[in-house]
> 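Quick one: the structure is below, and I'll ask about it shortly.
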Amino acid sequence: MATPEALEGWFAARGFAPAAFQREAWTAQAEGRSGLVNAPTGRGKTLAVAGGPLRGALADAPTAPQLLWITPLKALAEDTRRALQAVAEGCGAMQAIPASAGARAGKPAPLRVGLRSGDAGSAERARARRGADAWLVSTPESLSGLLSHGDTAEALSRLRWLVVDEWHELLGSKRGVLLQLAIARLRALNPGLRVWGVSATVGNPDEALAALCPDPRDPRRPHPDAVRIVDPRPKPIELATLLPATGERFPFAGHLGLKQLPRVLQAILAAPSSLLFTNTRAQAELWHQALAAVWPEDPSTLALHHGSLDANLRRAAEDGLRAGRLRCVVATSSLDLGVDFPDVAQVLQVGSPKGVARLVQRAGRSGHRPGEPSRVVAVPSHALEIVEYAALRRALADGRLEPRLPPRLCLDVLAQHVVSCAVAGPTDADALLAEVRGTHAFAGLADSAWTAVLAFVERGGEALQHYPEYRRVERDASGRLVVTDRRQQLRHRLSIGTITGDGHLTVQLLKGGRLGSVEESFLGRLNPGEVFQFAGRALELVQLRDMTAYVRIAKTKAGNVPRWAGGTLPLSATLGEAVQAELAGQGGEGGEGPERAASAPLRALQSRLSALPAPGRLLAEVIATRDGPRLFVYPFAGRHVHEGLAALVALRLGRLAPNTFTLAANDYGFVLAPHTKRGFAALGLDAAMLRRALSPEGLQDDLAASLNLSELARRQFREVARIAGLLPPSLPGRAPRSLRSLQASSSLLFDVLRQHDPGHLLLAQAEAEVFEAQLDATRLRATLDAAARAGLVLATPPTLTPLAFPLWAEQQRGTLSTEDWKARVERAAALLEDAHGD
DNA sequence: GACCTGCTGCGGGATG
């Protein structure tokens, strides 16, 4: 029989002593506490949170299931299962777990680590439901699925430990909200459950802890017994920026960064292996194509990885990297976390990482071994991004990181959870409400909101109550919530989860496998015979059928790259402020890198032509361009906020003198172009007038008036309705529903509700999300408040300034000629040859 | 008048 010392022995046998933070976590776990562990990747966080359960398994021989481990990714779940099994076997815990209730008595079961995710087979699923395995690894969605089975409650009530891995990834999304609700359920089943999280460093650690271990008396604060354990050893990040040579022209705008191709290739060839991160899938395809054109080695050593590629292609890239067969992988956020790559020597980031935390996350993909620094090569694609990297270097040195804000009061997610509970078995509504209010996400939930959620799951709400398909939840004789109809149960289990997104066509080779998926709208515009670039190759469209695009490898190399309509990554507030400070020369003394010197000419030019923005000084410029006057404003608050602000200011200026404006926004600011030629002169625009246009007063009403809110809400409604279970789920194994069919049913529902039930909770939810998620209203208000306090500088430079130029270019988009992509690559290749020739 | 964006993630279950 193994002993608790076996854990220490396991370490000792491998020649290293447990780190202080690991011991600290084990001690807290032994005291029966819950908590959160913060440490950089590759620092033994897994062992820190597995140590307590493992010791328990060695000492007390508890009944299975003992531990449930949640990860945000299926691939990570599989990796974790293997790692945990190895640890358990290595510690001699194999004999420790007595047979579970269902198994034959007398024979102890080995400490088996099970897997319950969408990829698990039916035998594995059955084991999970019985609680047959001592440890179980799963995803948030699969946990909700498990909880929707009444017969798992008994097994789950024996659970002693819950671990949430990569909590920072879930914390800020509805997936995290769903998990909070599931955890509340597990706590109700077993009040003694210990909950541990593992997270990268975030800017709001207390909130991260509270969302996982809420104080029952005030769920928006952490439980008084919960601990946060931090690995204090720094994980150094070496930042090297590829800067233009002295005197070299560097673009003031543009995001592709291909001008840097020769330098990037040089950097890649100088290291044994690299990950090249881009911000978008299209950009990844283009960079892969550009690199392939000048790749001096075996073509099979260069690979591509992004979220729209088929799982098999992605796995091939991951395996190749792990086996050391690949020299470079071009990737998007799809490789931000998950699979371990011990051998990546360096990470390259093309363009702006948009936030400090994202750079840290990506940097963490290199230098995985303890004591090794992470190496990042920054590839700015235009001049202002050099300033961004100067700011990033300072922020890294100061340890400033973005918060991940946990969403609150998502009634669509709550509705889904209530149905899950009722599907599992008769549920007392009052008890459930108390449980729900005990989470960070639903602390202080109003009685009226709860009533509306119940009305919705029981009848669909007022307008839909005559349609039987929206009557999902019934009441049993004692008034408890139940779902007895088996079709409804199945349908509900199919629609568990908060991830939405459809309208994608599968791309399939006529001879061969699936390559991935592409936006319906992109392929819909192509005719058979036309060529496009995808999955790193030129493909010819043969035909479209059943939501599948059949393709063959094209003979020609030309072709457009699909654009995916993805989310947008606005510049974070933390980075925006750092950039402002950097521009103003307030970046801080000491430790500055070469970026500051390299960006000095830009700052000098901006200062000479206009003025420099600064924290507490909002800069606006009116510039007479060839096409007429333009108003530029630079709050550095990210693209979303600027889009809202541009519409707001346009509305308010238009009230003073009727006019219409063309708007454009980027991460640094926005521009207004009046349609009438006299424009701002006719307005007599001055600082005082602009200040009024930027006033926080009447914000909500003016925003609503300035934007087509109902159209925005209509789109958001589809996501909300899907999560709340109002739209039929697509069935596994069948072709996904087309965007048009989904839009039709969601749009119809939207109109019905608007007309007959305008107070419906899902409409309110959709509108709230337009404000919060799309417009970033909280940040927008904060920006206006700051602007109201800040000094406003209205400059009238004689010509476009470095800050104005990218916005001007953005506005010109589409009106100017397109440069041939191939010519561009050839030019870059020629540059590279020149560089070699030197 | 230097130039062309837009991420990631998951998911039934009973029966032969």
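First the proteins, then the strands, lettered A, B, ... as listed; each starts at 1. In what follows, every heavy atom counts, from backbone to side chain, and hydrogens, waters and symmetry copies are set aside.
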> Nearest to the side chain of A:S142, heavy atoms from C-beta on, is which of B:dG11, B:dC10, B:dT5?
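Between B:dG11, B:dC10, B:dT5, the one nearest the side chain of A:S142 would be B:dG11.
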> For A:E719, what residues pass the side-chain hydrogen bond (donor to acceptor under 3.5 Å, both in side chains) criterion, not counting sequence neighbours?
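So A:E719 forms no side-chain hydrogen bond (donor to acceptor under 3.5 Å, both in side chains) with any residue.
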> Of the options B:dC3, B:dT8, B:dG13, whose atoms approach the side-chain atoms of A:R314 most closely?
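Nucleotide nearest to A:R314's side chain: B:dT8.
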> List for me each residue that meets side chain to side chain contact (heavy atoms under 4.5 Å, CB included) alongside A:T662, sequence neighbours excluded, and say none if there are none.
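Side chain to side chain contact (heavy atoms under 4.5 Å, CB included) list for A:T662, sorted by chain: A:A673, A:H675, A:Q811.
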> Please give, in whole Å, the distance from B:dC3 P to A:H382 NE2?
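Roughly 11 Å, once rounded to whole Å.
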> List in chain and number order the residues that pass side chain to side chain contact (heavy atoms under 4.5 Å, CB included) with A:A724, two or more places apart in sequence or in another chain; answer none if no residue qualifies.
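So A:A724 forms a side chain to side chain contact (heavy atoms under 4.5 Å, CB included) with A:D412, A:A415, A:F456, A:L762.
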> If I take atom CD in residue A:E285 and atom P in nucleotide B:dT5, what distance separates them, rounded to the nearest angstrom?
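Going from CD in A:E285 over to P in B:dT5 covers 16 Å.
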> Return the 5'-most residue of the pair A:E643, A:S148 with respect to DNA chain B, ranking by each residue's nearest nucleotide.
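Per heavy-atom nearest nucleotide, the more 5' residue is A:E643.
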> Which glycosidic conformation, syn or anti, is assigned to B:dG12 if syn requires a torsion within 90° of zero?
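Here the answer is syn: the torsion falls within 90° of 0.
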> Tell me which nucleotide among B:dC7, B:dG13, B:dA2 gets nearest to the side chain of A:R116.
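Looking only at heavy atoms from C-beta outward on A:R116, the closest nucleotide is B:dG13.
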> Quick one: is A:S117 getting a side-chain N or O under 4.0 Å of the B:dC10 phosphate, OP1 or OP2?
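Checking A:S117 against B:dC10: no side-chain N or O falls below 4.0 Å of OP1 or OP2.
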> Among B:dC7, B:dG12, B:dG9, which is the nearest nucleotide to the side chain of A:R125?
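The answer is B:dG12, which lies nearest to the side chain.
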> Base, sugar-phosphate, or nothing for A:S173, non-hydrogen atoms under 4.0 angstrom?
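The answer is nothing, as A:S173 stays clear of every strand by at least 4.0 Å.
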> Would you tabulate the nitrogen or oxygen pairs shorter than 3.5 Å linking the protein to nucleotides 14-16 of chain B?
from, atom 1, to, atom 2, distance (Å)
B:dA14, OP1, A:R129, NH1, 3.4

> Has the side chain of A:H168 got a donor or acceptor atom that lies under 3.5 Å from a matching backbone atom of A:A200?
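Yes.
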> Mind checking A:R404 for me? I need base, sugar-phosphate or nothing, with any heavy atom below 4.0 Å counting as a touch.
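Touches nothing.
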> Rounded to the Å, how far apart are A:D667 CG and B:dT5 C1'?
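My rounded result for the distance is 11 Å.
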> What is the distance, to the nearest angstrom, from the CG atom on A:L384 to the P atom on B:dC3?
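Going from A:L384 (CG) to B:dC3 (P), I get 13 Å.
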> Starting from P on B:dC7, measure out to CZ on A:R365 and report it in whole angstrom.
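One finds 20 Å between P of B:dC7 and CZ of A:R365, rounded.
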> Whole Å only: how far is the CG atom of A:L807 from the P atom of B:dT5?
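One finds 14 Å between P of B:dT5 and CG of A:L807, rounded.
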> Hey, does A:T280 reach any base, or is it just sugar-phosphate, or nothing, if we go heavy atoms under 4.0 Å?
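The answer is base, as A:T280 lies within the cut-off (heavy atoms under 4.0 Å) of a base atom.
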> Round to a whole Å and report the spacing from CD1 of A:I499 to P of B:dC7.
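From A:I499 CD1 to B:dC7 P: 16 Å.
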> Please identify which of these residues, A:H640, A:H642, A:K354, meets the side-chain hydrogen bond (donor to acceptor under 3.5 Å, both in side chains) condition with A:D667.
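Among A:H640, A:H642, A:K354, the one meeting side-chain hydrogen bond (donor to acceptor under 3.5 Å, both in side chains) with A:D667 is A:K354.
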> Nearest whole Å is fine: how far is B:dC10 C1' from A:L147 CG?
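So the CG-C1' distance, A:L147 to B:dC10, works out to 16 Å.
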> Can you sort out the partners of A:A363 under side chain to side chain contact (heavy atoms under 4.5 Å, CB included), two or more places apart, ordered by chain and number?
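A:A363: side chain to side chain contact (heavy atoms under 4.5 Å, CB included) contacts with A:I237, A:S374, A:V376.
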> Categorize A:T498 for me: base, sugar-phosphate, or nothing, with a 4.0 angstrom heavy-atom threshold over every strand shown.
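Result for A:T498 = nothing.
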> Among B:dG9, B:dT8, B:dG11, which nucleotide sits nearest the side chain of A:R281?
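From the listed options, B:dT8 comes nearest.
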> Not counting sequence neighbours, which residues clear side chain to side chain contact (heavy atoms under 4.5 Å, CB included) with A:E643? List them please.
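Only A:R639, A:A665 meet the side chain to side chain contact (heavy atoms under 4.5 Å, CB included) criterion with A:E643.
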> Please check if the number of heavy atoms outside A:R603 that lie under 6.0 Å from its CZ is greater than 12.
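Count over threshold, so yes.
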> Looking only at the side chain of A:E141 (C-beta and beyond, no hydrogens), which of the listed nucleotides B:dG12, B:dT8, B:dG11 gets closest?
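Of all the options, the side chain of A:E141 is nearest to B:dG11.
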